[in-house]
There are 2 protein chains.
Amino acid sequence: MKHVTIKDVAKKLNCSVSTISRAFNDKYDIKKETRDHILATAAAMGYSPNPIAKSLLKQCSNQIGVVVPEFINSFFPEVIIGIQEVLIKKGYQVLIMQSNESQITELENIKTLENNMIDGMIVSLSLGTQNVEYYKNLIAQGFPLVLFNRVSNELDTSKVVFDDYKWAFFATEHLIYQGYKHIFHFGGPSGHIFTQKRKDGFIDAHRKHKLPIDDNNIIETGLMIADGERVMEKLINEGNLPDAIFAVNDPTAIGAMKMLRKHGYKIPNDVALVGFTESSLAELIDPPLTSVAQPTHEIGKTAARLLLEQIESKGIFVPQTVILNGRLNVRESSMKLK
Amino acid sequence: MKHVTIKDVAKKLNCSVSTISRAFNDKYDIKKETRDHILATAAAMGYSPNPIAKSLLKQCSNQIGVVVPEFINSFFPEVIIGIQEVLIKKGYQVLIMQSNESQITELENIKTLENNMIDGMIVSLSLGTQNVEYYKNLIAQGFPLVLFNRVSNELDTSKVVFDDYKWAFFATEHLIYQGYKHIFHFGGPSGHIFTQKRKDGFIDAHRKHKLPIDDNNIIETGLMIADGERVMEKLINEGNLPDAIFAVNDPTAIGAMKMLRKHGYKIPNDVALVGFTESSLAELIDPPLTSVAQPTHEIGKTAARLLLEQIESKGIFVPQTVILNGRLNVRESSMKLK
DNA sequence: AATATTTTCGGAAACGTTTTCGGAAACGTT
DNA sequence: AACGTTTCCGAAAACGTTTCCGAAAATATT
């Protein structure tokens, strides 16, 4: 309850607070013996410097804010672990907030973090975030900010992204190589870069292999299991079944799979499936789901490192965009049975 | 970068900082018109009170710390969402840290949070935490602390727990009712309350139904998928197969399921399975896994409410333990086929 | 031995708030 | 007109640090 302060230690040792401070900050102008003595008694008294007071004085807090849209799926938690791995080692504390895919909550989070004098921020934009003016201001003021995955072209700051186009292309091409010809794409919410990129990859893979494709092949679905179920059910009822589906992410693929199974369809015999952004689910469900894996830990670590670079290089800093590589984990859900 | 402070506003308005403060804190001794005028110009200048300075002065921060062992599985994230739901509404900010199942990290987290002058803490103990002396100290000092799920009998503080015994009993009884007679328990790491309780429930269900049971029925397994796989593989190699397994949690059940499938065994025909602590996996895998579901959101909300009670009732406070109810979701993995 | 330099430390200001205290102004009462 | 109340606001202290400045003590230089 009653915290031991620097004054208590000073009183006990009959010296000034400045000396205590010097001992703790390893300053040059203090005798080694006194420093050791101070450190020893301070430890005995259970004293440790109050970071809040320090923050107020230094105008920075050794804290980094992280804002993610959600942490129900394992993707963002895994990224956060990567972030922490790098930052904690550097003595930073990581404050985590979730925006719940809402622009309003996201903005509140940002402001709270800003008020807490955090030294920098790592953000993945929520689906609801259309207006990025606030971020523009932050960036203009030189505030250290790194975006990852859900980024915005309007913002000139460091970014860690995944090559959605390329891996959507590969994933689609994999289905084509397996011999599937009538492929649907279950797309994400429109107006988002990753939605567009994954769709483009899907389309261009068809173009390369000269497979016919039109708007009917692409269905805006969403990102949740329920979305995949809903769209799949509609297709089943309409009797409009493809022989393969490339889904914007694993949950929609899994939703589709559940609905197909429920109606007695076999996977991949009747319909093959490929997901995106590996979740722990992919290899556990039956049949195991072919999916594009993102290097979650690496994304976090890279974002943290970019942020540190910006924080440490006062002023002269050129934002970088790092594109990380993924992997297509081919599993049963997309293997053509001969 | 350059924050607008209360002094800037005071200078601009040619008044004292105390007046500004009064305006923002809705004090009685300020004229309404001046207050409105101040609030308006402050907003125009982009001023908002610095919470760090406030924390230093008030010796509290309107922040609540949450420490969980991990957030890879969806269980803890869901609890956290419940916590946030309650606390954010009350104007608290939630700082989340993970201990990685390590006592050392957990202690570091606690200290960091404490130094940050948080007003209270919600903690789920890590597996590695054997020594709870530090918590005893906190509690003795009257520091608001609520434990959930992974609690300790040695600590006299508010707790939100699940009736592990009861639901382990029900889960086992369900298997017995289905006609399974030779049932194994894949247990958690020893030395933890929940491990013991779930084991006791398993044993007592057998006693009630007068089914023979001994130490061979109970195998200390762990908590991860890999643990389930390892133990299951050993049993298969030994030719020592039960007709049903009650696992300490879903991951171990799923590990067992994977290994059984790999060796060509059918579920539930050859071996039935029941898990514990519903994960999103349970209903997605094939066959869907019967499992005991905990009310994650409710756990979080209750923990938050208990903490608020303690914070608001200065001094006179009696710790409460809330036991929440669960549900046995019966699915294919445990249904005896006639 | 006197002076110059270095080492070591204490005092005080500063960070941005809130709050207590006291005082001035405005008002009401006799 | 004198006094007591009330209303409103400013000055200053406090929260726990760090750091600048200067001074005393210790050491080195002449």
Side-chain angles (χ1 to χ4, degrees), chain A residues 1-39 41-42 45-63 91 93 111-112 114-119, chain B residues 1-39 41-42 45-63 91 93 111-112 114-119:
Chain A
M1 217 70 273
K2 22 86 214 160
H3 271 121
V4 184
T5 78
I6 200 172
K7 288 180 192 170
D8 300 326
V9 183
K11 201 174 292 172
K12 176 125 181 183
L13 286 172
N14 245 335
C15 68
S16 76
V17 292
S18 3
T19 308
I20 312 288
S21 172
R22 270 186 276 257
F24 270 86
N25 294 54
D26 238 352
K27 287 298 164 95
Y28 62 97
D29 55 350
I30 185 171
K31 220 192 312 185
K32 259 198 271 304
E33 308 143 36
T34 52
R35 189 194 59 195
D36 293 343
H37 185 222
I38 288 173
L39 256 39
T41 50
M45 295 175 68
Y47 166 77
S48 69
N50 182 328
I52 298 234
K54 206 185 291 192
S55 298
L56 185 59
L57 191 63
K58 298 284 205 66
Q59 299 283 56
C60 69
S61 62
N62 269 297
Q63 294 181 325
Q93 198 192 142
K111 284 183 182 166
T112 314
E114 221 190 329
N115 280 334
N116 266 44
M117 294 187 167
I118 53 163
D119 302 351
Chain B
M1 221 66 275
K2 22 88 214 156
H3 273 123
V4 185
T5 79
I6 201 173
K7 289 181 191 168
D8 300 327
V9 184
K11 201 173 291 173
K12 178 127 178 181
L13 286 171
N14 245 335
C15 68
S16 76
V17 291
S18 2
T19 309
I20 312 288
S21 173
R22 270 186 275 258
F24 269 86
N25 294 53
D26 239 353
K27 287 297 163 98
Y28 62 98
D29 55 349
I30 184 172
K31 220 192 317 186
K32 258 198 274 300
E33 307 144 38
T34 52
R35 190 196 58 195
D36 293 344
H37 184 222
I38 287 173
L39 257 39
T41 49
M45 294 174 70
Y47 166 77
S48 68
N50 181 328
I52 299 238
K54 206 184 293 191
S55 299
L56 185 58
L57 190 62
K58 299 284 205 65
Q59 298 283 55
C60 70
S61 63
N62 269 294
Q63 295 182 326
Q93 199 194 142
K111 285 184 183 166
T112 315
E114 219 190 331
N115 281 335
N116 266 45
M117 292 186 170
I118 54 164
D119 303 350

Would you call [X] and [Y] a side-chain contact if the rule is heavy atoms closer than 4.5 Å?
X     : Y      : value
B:I20 : B:K7   : no
A:P51 : B:N116 : yes
B:I38 : B:L13  : yes
B:I6  : B:P49  : no
B:D8  : B:M45  : yes
A:N62 : A:K54  : no

In whole angstrom, what separates [X]'s [atom1] from [N]'s [atom2]?
X     : N      : atom1 : atom2 : result
A:I30 : D:dA25 : CD1   : P     : 18 Å
B:K31 : C:dA24 : NZ    : P     : 18 Å
B:K32 : D:dC9  : NZ    : P     : 12 Å

Both distances under 3.5 Å, Watson-Crick or G-U wobble: report the partner of [N], or none.
N      : value
C:dT6  : D:dA25
D:dC20 : C:dG11
D:dC3  : C:dG28

> How is B:T34 classified with respect to the nucleic acid when contacts are heavy atoms under 4.0 Å: base, sugar-phosphate, or nothing?
Replying inline: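 Here B:T34 touches the backbone only, sparing every base.
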
> Looking only at side chains, do B:S16 and B:T19 share a donor and an acceptor under 3.5 Å apart?
Replying inline: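 Their side chains do contain a donor-acceptor pair, which is all the 3.5 Å distance test asks for.
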
> Using a cut-off of 4.0 Å between protein heavy atoms and nucleotide atoms, how would you tag nucleotides 15-23 of chain C 5' to 3' with B, S and -?
Replying inline: BBBBBB---

> Residues from residues 9-16 of chain A sitting under 4.0 Å of DNA chain D, heavy atoms only?
Replying inline: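 Per residue number, the list is empty: none.
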
>> For A:M117 versus A:S61, what's the shortest heavy-atom pair and its separation?
In response: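 That closest heavy-atom pairing would be O-OG, 2.7 Å.
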
